[in-house]
Every structure is written in C-alpha cells, then in structure tokens.
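Below is one structure, written out as structure tokens; comments come after it.
As the structure is a prediction and not an experimental result, all values here were calculated from the model. Naming: A, B, ... by sequence-line order, numbering from 1 per chain.
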Amino acid sequence: MDEYRDAADARRFARAIARVTTRPWKIMEVCGGQTHAIVRFGIEDLLPDGVTLIHGPGCPVCVTPVEMIDKAIELAGRSEVILCSFGDMLRVPGSRTSLLEAKAAGGRVKVVYSPMKAVELARANPDREVVFFAVGFETTAPANAMAVFQAARDGLENFSMLASHVLVPPAMEAILAAPGNEVRGFLGAGHVCAVMGIDEYRPLARRYGVPIVVTGFEPLDLLHGIHLCVKQLEEGRADVENQYVRSVRPEGNLKAMELMREVFVVGPRTWRGIGSIPDSGLVLRETYRDFDAERRFGPTDSHTEETSECISGLVLQGRRKPFECPAFGARCTPDQPLGAPMVSSEGACAAYYRYRGDHLETSETSYGGDHGKE
Amino acid sequence: MCLAVPGQVLSVAGEAPYGLTGRVSFGGVVKEVSLAYVPDARPGEYVIVHVGFALSKVDETEANRVFEYIRAIGELDELTEDQP
Ligand code: SF4
C-alpha cells in the first residue's frame, strides 16, 4: 500500500490541484477515517490557499448520543449483564462518567473487535445477559446485522443489542440544508459506499448542486478525490464520481445490504452535538425487537447533560476547527477527554492533537513542513 | 473503530453463506475474518475488512487507476511547463 503514499506523486497531485483552482472552494470529507489520514499526512499543507477541507461528522464514536452512553453505563452496572463494546467507546464521556470508569468500579465491560465475539460470549455464558453496544455507520451495520441474525437463528435468549446506528446521506443533507452552509463539494466515504453503492448520493448532488466524489483513504486517494472535486466545481458540474473504484462497486455489496434490510429499518436518530435528524439511523425491525436491549431492560430515567465547554457540535459540522476550541489541548486531551471527538482516532480533535499539536514539531509521515501555520 | 483496512486472503474455510471465513493477513498479522459478504474471495486476493467482516474485494485491475491518472496529469504538467 506504500505506493499510495509516495511523496513525489503527492506533490504532482498538489500541483495539478493548484493548476485547476481559480476560486476558493470549501470541500468536506465526510468520514473520520479520511479526517485522520488528512491530518496525519498533512494533506491540507499541500493544497493551494483557495481549497479548504472541512472535517465532517463521520466519526460514529463522536456522534453517539450521550443518553446512549449513559444507558450502556447503567447496563454495565447490572450484576447479570456483560456489556460488550468496541474499544473506542470506553473513554467517551457520558454525562457523569465513562464506560472505562464504570469498568473500574466493578462493571462487567468487555472490549470486542467484532460483534460476533459478543454472540460467542453469549453462547459461552448462558447464565449472563450479553449486551452489545452497537454503534457505527453503514460500514458497521452489516456486521451487527449478522450478529443479530445468527443469535435469532440459534435461539440465543441472552444476547441483545443497544443499537445507535447512523446513516451518512441524511447527515450530509442536514449539513447542506443548514443556514449559512459553506460546503460546496464532498469527498464521499469510500467504505460506506463499498457497502451501500453510490446511487443514493445522486439525488443529493442534484438537489443541492454539489459534486460528491467517493474517495478512498490513502493520501493519493484523497488528493485524487480533491482534484476530481475541484475540477467539477470549476467546470460547474455536480456529479457523483467514484475515485475509489478498486474497492467500491457502483451497486455496493448486495449481500451485505440484504442482511441489513432483513434486520434493520430506517428510523430517526439523535446525533451527539448536532441533534435529531429524520430517517438518519437504523433500528431493529419488529421481528427482531426481542434483541433490542432498550426493550429488554426497559428505559432508564437518567438525566443527561453535556459538558458546556465542549464545542463538538460545531466541530462535527465543520464550523470550527478543533484548535479553535478553548479547551483543546489544555483541559481536553486524549487522556482526559471532555468530548467524544478527542477520544477516537477518527475524531477530529484527537487527530489534530496527535498530529498537529504544538507538542509535535514534525511528523515523519507528513508531507507538509509548516505545521501549525494556522 | 470505523477504520476498514485491506488485507490479503491466505485461505478460505467454512460453509457459505454465513459460515464462510478466511484467514487474512494484514501486513503479517493474521486474523480470521468472515467472508459471508464476499463469498467469491479467493486466496491471494485482497479484501477490505471492517470489524471482522470482509466488505469488498480490492480489484487488482483497478488498483492502478490513481497512478494512471497521475501520469495523465503529469504529462499535462510537462506540456504546460514547456510553454513559454
Ligand atoms: S477539544 Fe475537547 S472540548 Fe473541545 S470540541 Fe474537541 S472534544 Fe470538545
């Protein structure tokens, strides 16, 4: 994969982007994995002054509502429950504490790499309730659908899912429809499209007149995507284009979509820091509602609140850069995060802290030399 | 957690549709991965893997597209730089 990181090729792309740019353009990369690569490799330093990248809301850990974190913490505190979660969720602050603190206080919290591990755990521990905290975008939904499907097929009665699934296109639409929106083009999330295909972006491109270039995650992929996007903008086009052809088929992964539709239906979802977006999430279909942890354990009447200092909502909508947050790097660090974007490696705040902080002079992997120029 | 990474399929086992698995190498680190969604993956091929599931195959014939594009714009580059 190193060939996708070649510095000479990256500069060649940078020159080509500068050549086609005549006006300022703001382009949003949707996916947190792309944000991570952009910051890590210093892609922004390679771009001409006119082209600005705005980091989007594509970090599932970051947009999981605080109520869900509180609910997971509450479930982890029950004596019969083993709560399973992806590792990144552990340090995300809930309204009072985090899963990590709940674990330290004696809660049974287990980090799993795949939801199928949670199903295995349920099989191995018939006297326990295994709850899987399922967060993620369309990329993660096929795995979570399989976990529920197999649990149902095997008649596993002690497995359930606390699901907080979000969908990318409605979030893009919310950003485009917001008053004062400055995003003129998108780099689409490549791996989301590997599952869902690219057709669902066409109405969005047409309605809002924005080019959407489905893009991969390596530095040269990102620069290629930016070049295609700027070219469209300069030529006045607003098409859906696929930069990431090697992994994204236009129709997506039909098998994965089939199982997702078997298990989930589209429903409303609250995004942390942004608010409720209609039809922006996946909920368990009625046939699988027995596997819904919220139904199984009943509602929790926790009173939730956000830290007032965290401006993660603005960061997630691309309205502020992480270093514009007064807490950034001072009261908020990856070890002591005040907000979710400082936790996960796909969160914009953590990416900036890790690769662009004042504590880092240069990064070996970065192409740009002038760090911290902003 | 949302990162998906490419890895090379070393071997395939289990039964389609849902029990199909593959041993996949990620730069030398080998993991067992579900191939339920990419049942046509064969040893030697690359797949994109996320939370234990292969989501798509990496198409070798398309893998050079970025470099072809670069070559095309690189040639233009030289053309324009040659102009006085
Ligand atoms: S730096 Fe910390 S407090 Fe500020 S927006 Fe990011 S996560 Fe929130």
Side-chain angles (χ1 to χ4, degrees), chain A residues 1 3-4 6 9 12-13 15-16 19 31-33 36 58-61 86-89 112-117 135-137 139-140 142-144 146 149-150 153 189-191 194-195 216-218 220-221 223-224 227-228 243-249 252-256 259 344-346, chain B residues 1-8 14 16-21 24-29 31-41 45-81 83:
Chain A
M1 290 294 144
E3 68 263 37
Y4 295 106
D6 185 85
D9 281 343
R12 215 159 282 151
F13 260 125
R15 279 200 300 275
R19 234 178 5 249
C31 168
H36 179 94
C59 159
V61 172
F86 295 129
D88 278 352
M89 293 306 294
V112 292
Y113 153 74
S114 163
M116 299 312 291
K117 289 277 171 231
V135 301
F137 285 102
T139 343
T140 320
N144 292 345
M146 184 67 86
F149 181 79
Q150 296 212 354
R153 192 197 54 191
H191 292 142
V195 174
F217 297 81
E218 292 295 333
L220 295 189
D221 288 326
L223 287 161
H224 186 190
H227 188 267
L228 292 170
Q243 181 277 327
Y244 201 33
V245 184
R246 67 180 186 280
S247 300
V248 174
R249 318 291 165 251
N253 185 325
L254 299 175
K255 286 202 159 56
L259 209 72
S344 151
S345 62
E346 294 109 71
Chain B
M1 58 142 294
C2 202
L3 296 179
V5 281
Q8 189 174 29
Y18 300 127
L20 208 59
T21 62
V24 175
S25 166
F26 303 93
V29 180
K31 283 202 169 203
E32 189 173 295
V33 161
S34 167
L35 296 179
Y37 296 133
V38 191
D40 58 337
E45 294 184 318
Y46 282 83
V47 288
I48 300 286
V49 176
H50 175 66
V51 299
F53 283 77
L55 295 180
S56 79
K57 279 211 294 193
V58 181
D59 184 336
E60 302 269 340
T61 59
E62 295 289 359
N64 284 320
R65 187 178 276 247
V66 177
F67 307 106
E68 282 155 18
Y69 190 85
I70 255 187
R71 227 165 287 139
I73 57 175
E75 276 154 27
L76 279 176
D77 203 353
E78 273 135 41
L79 278 180
T80 43
E81 274 161 21
Q83 308 293 322

Q: Name the option with the most non-hydrogen atom pairs under 4.5 Å to chain B; the candidates are A:His36, A:Met146, A:Met116.
A: A:Met146
Q) Given that the side chain runs from C-beta out, which part of B:Leu55 has a heavy atom under 4.5 Å from chain A: side chain, backbone, both or neither? A) both
Q: Check whether any side-chain heavy atom of B:Arg65 lies under 4.5 Å from a side-chain heavy atom of B:Asp59, and answer yes or no.
A: no
Q.
Is there a side-chain contact between A:Val195 and B:Tyr37 in this structure, where contact means two heavy atoms from C-beta onward sitting under 4.5 Å apart?
A. no
Q. Looking at A:Pro142, A:Gly252, A:Gly32, which makes the most heavy-atom pairs under 4.5 Å with chain B?
A. A:Pro142
Q | Separation of B:Glu45 CD from B:Glu60 CD (nearest 0.5 Å) | A | 7.5 Å
Q.
Under 4.5 Å from any heavy atom of chain B, what part of A:Phe149 do you find: side chain, backbone, both or neither?
A. side chain
Q: Could you look at B:Pro17 and say if it's the side chain, the backbone, both or neither that has a heavy atom under 4.5 Å from chain A?
A: neither
Q. Roughly how far, to the nearest 0.5 Å, is the CZ atom of B:Phe53 from the OG1 atom of A:Thr139?
A. 13.5 Å
Q.
Is A:Asp9 close to chain B through its backbone or its side chain, or both, or neither, when contacts mean heavy atoms under 4.5 Å?
A. both
Q) Any side-chain heavy-atom pair from A:Gln243 and B:Val66 closer than 4.5 angstrom? A) yes
Q | Which residues share a side-chain hydrogen bond (donor to acceptor under 3.5 Å, both in side chains) with A:Gln150, sequence neighbours left out | A | none
Q | Contact origin within B:Tyr69 toward chain A - heavy atom pairs under 4.5 Å | A | side chain
Q) Is chain B contacted by the side chain of A:Val245, its backbone, both, or neither, given a heavy-atom distance below 4.5 Å? A) both
